[in-house]
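Side chains are part of it too, since the values below use all heavy atoms of this structure and drop only hydrogens, waters and symmetry mates. In what follows, every chain begins at residue 1, and chains take the letters A, B, ... in the order their sequences are listed.
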Amino acid sequence: MNNPLVENYFRMDKLPHIWCPGCGHGIIMSAIARAIEKSGLDKDKVCIVSGIGCSSRAPGYMDFNTLHTTHGRALAFATGVKLANPELEVIVIAGDGDLSAIGGNHLIHAARRNINLTTICFNNNIYGMTGGQYSPTTATGDKGTTAPYGNIDRPFDITQLAAGAGATYAAKATVYHVNQLQKYIEAAIDHKGFSMVEAVSVCPTYYGRKNKKGSAVDMMNWLKDSFVDMKIAEKMPEKAVGKFIMGEYVNKVEPEYTELYDQVIERLKR
Amino acid sequence: MSKVIKFLQGNEACVEGALMAGMRFYSGYPITPSTEIAELSSEKLPKVGGKFIQMEDEIAGIAAAIGASLTGKKAMTATSGPGFSLKQENIGYATIAEIPLVVVNVQRGGPSTGLPTSPGQGDVMQAKWGTHGDHPVICLTPDSVKETFDLTIRAFNLAEKYRTPVILLTDEITGHMREKIEIPDVSELEIYNRIVPEAGDDYKAYHVDDGDIVPKMAPFGGGFRYHVTGLMHDETGFPSNSTQNADVLIKRLMGKIEDNKEDIITYEAYETEDAEYLILSYGGTARTAKAAVKKLRAEGIKVGLFRLITVWPFPEEQVRALSEQVKDILVAELNFGQIKLEVERVVKGNANVRLCGKANGEILTPEELIKAFKEVL
Ligand SMILES: Cc1ncc(C[n+]2csc(CCOP(=O)(O)OP(=O)(O)O)c2C)c(N)n1
Ligand code: SF4
Ligand SMILES: [Mg+2]
């Protein structure tokens, strides 16, 4: 392999990764590396924090300060890293279960504080690592190993959840629309405040198989056909009927938490 | 050198000690009877350029403290019973990932919400076994305001030296009691800081260099890009499924505490030299026990007090040696015999072991203890 991006930003000796063939998670990981490259960040000043799950294995392959924590708690660990050393660019990688089930409380509070963390949610609508149980983003009616008769839960829209909790940047794209995804990750990294990008991924092994979604390629095609860009949806609402909306849901400037804390310290010096 | 006399609560002394030890980060969630520790930290930390954050729950409280410690800051979180239960998973994380950290548990009556404003000592076994899996534990317990100050400093020192979470187990009695204490000048204190690698070192994050007890710890952002995980990992810090490797790691983690027990264990032996009977106690309850020993001595009874200061690792050898000397050991504690069980285990039948304990939120009185003691005569 002679790919400068890979050589620069990945731990060559830790590859190949553990993900199944056709898993969408690798696409998101590469998009994050390219976004970091574009943002021109110093590798030594980047910290990547994850919880537990297939997605949360990504930091092990990435050549930064990397922290693989406990299930659901990545944002809480990351909050400590960032507040203790605001110089670090802290990026959080979390699965849909990690971020919105067991870690849902941390998500809403990190968003509420508007602390300068960049969260990338690898949303494959399933608990991949534990073998295909339904997650808070599994669609009603879909099957999981713990929803053999179809899921009766209603799903979260993670992007809107973060936005509602106060995230000052929230965007959604899919692993099929990878250029757009990368652009949003770049914007999220550059954004000062709590940012979240929901990267809709695919798990052909469990979600695909359980729900008869076909091959990994079929699932990618499904993403292509099911998501519509927000701008197109606004201009031509008829094209958005029954579709999911991709785009930047929120992008605004508000006071950032670690800066507010530093102001308290400065005030006390006087 | 400036000594200052202060009239402080145990919880306040904990914060004063923590700041002197170099605490620059506190994250936690309020709970009686530990809340003053958070309140005072929120007031004092920004004044010294440190950071305080009230997290959304106790799990987040310890998680943020671990994150902060990884950047090179000395970090603490404090809680009580219910919150201590919530912190357990991440105590295990800090243990396997070897993150220095101080976790304070101001014990109250349990189980569950129990008795929020009353003392208890029902968490001593939880301090040892609360997180899952085999793991080493350092746990200290003070009996006074001054000792809360001293042991908080010691907790930070041990955390830094052995790269492990240290549990400071106080209780509602010592936490809320006020006493006059002399705060020494920081120059008089021994403060231990973790060993960090030198720039340019060929750094393996979990390799123990010759002559060191633990791996050197680089701060995140310091130019050493490494990986930290709660999975079993090898010397490089990356996950490994090898059972051989897991064996090496778990034995190293246990060994770094077990092999240094002499450095870690402290205790008070009061009037034990010629003792024929022993009362063993710890924390706030040991004050009652000492009063009882004094009264019994005045009656001419040869009784001594062994007070645990380090609860875990347990001072096995010291207690066993005393068990060969005395006929009877009365364990005084605010629970139904958690440490009594441990004493029975270590004395191996050398002496009779009895309990004077309760868990109804009341403290033991010297009279109660003397009555229980005299049953053996
Ligand atoms: C406290 C705790 N509960 C449960 C688990 C088991 N577990 C590991 S990963 C996971 C779900 C992962 O799903 P998700 O976050 O969506 O990530 P994915 O594997 O799908 O990428 C669960 C339930 C755990 N490790 N820790
Ligand atoms: S189980 Fe699913 S999410 Fe996990 S690696 Fe395989 S395809 Fe990816
Ligand atoms: Mg998932």
Side-chain angles (χ1 to χ4, degrees), chain A residues 11 13-14 18 42-50 52 56-57 59-90 102-103 105-110 112-113 115 257-258 261-269, chain B residues 24-27 42-75 77 88-94 96-97 99 101 205 218-231 233 236-239:
Chain A
R11 292 165 166 148
D13 57 331
K14 301 300 164 199
I18 60 160
D42 175 355
K43 285 204 287 188
D44 286 336
K45 299 294 173 198
V46 175
C47 174
I48 305 193
V49 186
S50 68
I52 299 289
S56 287
R57 284 304 192 96
Y61 309 121
M62 305 179 78
D63 189 16
F64 304 96
N65 303 281
T66 53
L67 180 57
H68 178 228
T69 70
T70 44
H71 190 31
R73 316 302 171 193
L75 273 168
F77 281 77
T79 296
V81 171
K82 183 70 188 178
L83 182 59
N85 185 356
E87 260 189 32
L88 296 173
E89 177 65 39
V90 183
I102 190 164
N105 200 26
H106 310 308
L107 170 62
I108 59 175
H109 289 280
R112 174 180 63 81
R113 289 185 191 104
I115 185 165
Y257 190 83
T258 63
Y261 201 99
D262 285 341
Q263 286 168 22
V264 173
I265 294 177
E266 283 308 309
R267 243 187 289 148
L268 289 169
K269 283 185 188 158
Chain B
R24 288 298 175 270
F25 193 93
Y26 180 99
S27 48
S42 74
E43 180 194 327
K44 297 227 161 183
L45 274 169
K47 292 184 181 166
V48 295
K51 307 282 172 74
F52 167 92
I53 185 168
Q54 183 169 305
M55 296 299 288
E56 49 275 17
D57 58 31
E58 286 87 349
I59 301 171
I62 183 170
I66 294 170
S69 183
L70 270 162
T71 73
K73 301 284 185 331
K74 290 188 186 177
T77 186
Q88 294 303 329
E89 186 190 11
N90 284 335
I91 289 175
Y93 183 89
I96 195 171
I99 314 294
L101 175 75
F220 271 7
F224 298 93
R225 296 184 304 274
Y226 65 102
H227 188 60
V228 178
T229 178
L231 288 166
H233 45 270
T236 65
F238 288 92

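Judged as a side-chain contact (heavy atoms from CB on, under 4.5 Å), and not counting sequence neighbours, the contacts of B:A68 are A:A84, B:F25, B:A75. Looking at residues two or more places apart in sequence or on another chain, you find a side-chain contact (heavy atoms from CB on, under 4.5 Å) between A:E266 and A:K269.
Ion pairing between a basic and an acidic side chain is recognised when a charged N comes within 4.0 Å of a carboxylate O; B:E56 and A:R113 show such pairing.
Contacts between A:K14 and chain B at a heavy-atom distance below 4.5 Å involve the side chain alone, from C-beta outward. In this structure, the portion of B:T236 lying under 4.5 Å from any heavy atom of chain A is its side chain and not its backbone. Using a 4.5 Å cut-off between heavy atoms, B:K51 touches chain A through backbone and side chain atoms alike. Residue contact with chain B, scored on non-hydrogen atoms closer than 4.5 Å, is absent for A:D42. For a residue to count as touching a neighbouring chain, one of its non-hydrogen atoms must lie under 4.5 Å from one of that chain's; by this rule B:Y226 touches chain A with the backbone only. Interface remark: A:R267 contributes no atoms to any contact with chain B (heavy atom separation under 4.5 Å). With a 4.5 Å cut-off on non-hydrogen atoms, B:T71 touches chain A through its side chain but not through its backbone. For chain B, the nearby part of A:L88 is the side chain; its heavy atoms alone come within less than 4.5 Å. Residue B:F224 touches chain A through its backbone alone, counting heavy-atom pairs closer than 4.5 Å. Looking at A:R112, neither its backbone nor its side chain comes within 4.5 Å of chain B, counting heavy atoms on both sides.
Ring orientation note: the planes of B:Y93 and A:F77 are nearly perpendicular, at an angle over 60° on the 30°/60° scale.
The NE2 atom of A:H109 sits 8.0 Å away from the CG atom of B:D57 when rounded to the nearest 0.5 Å.
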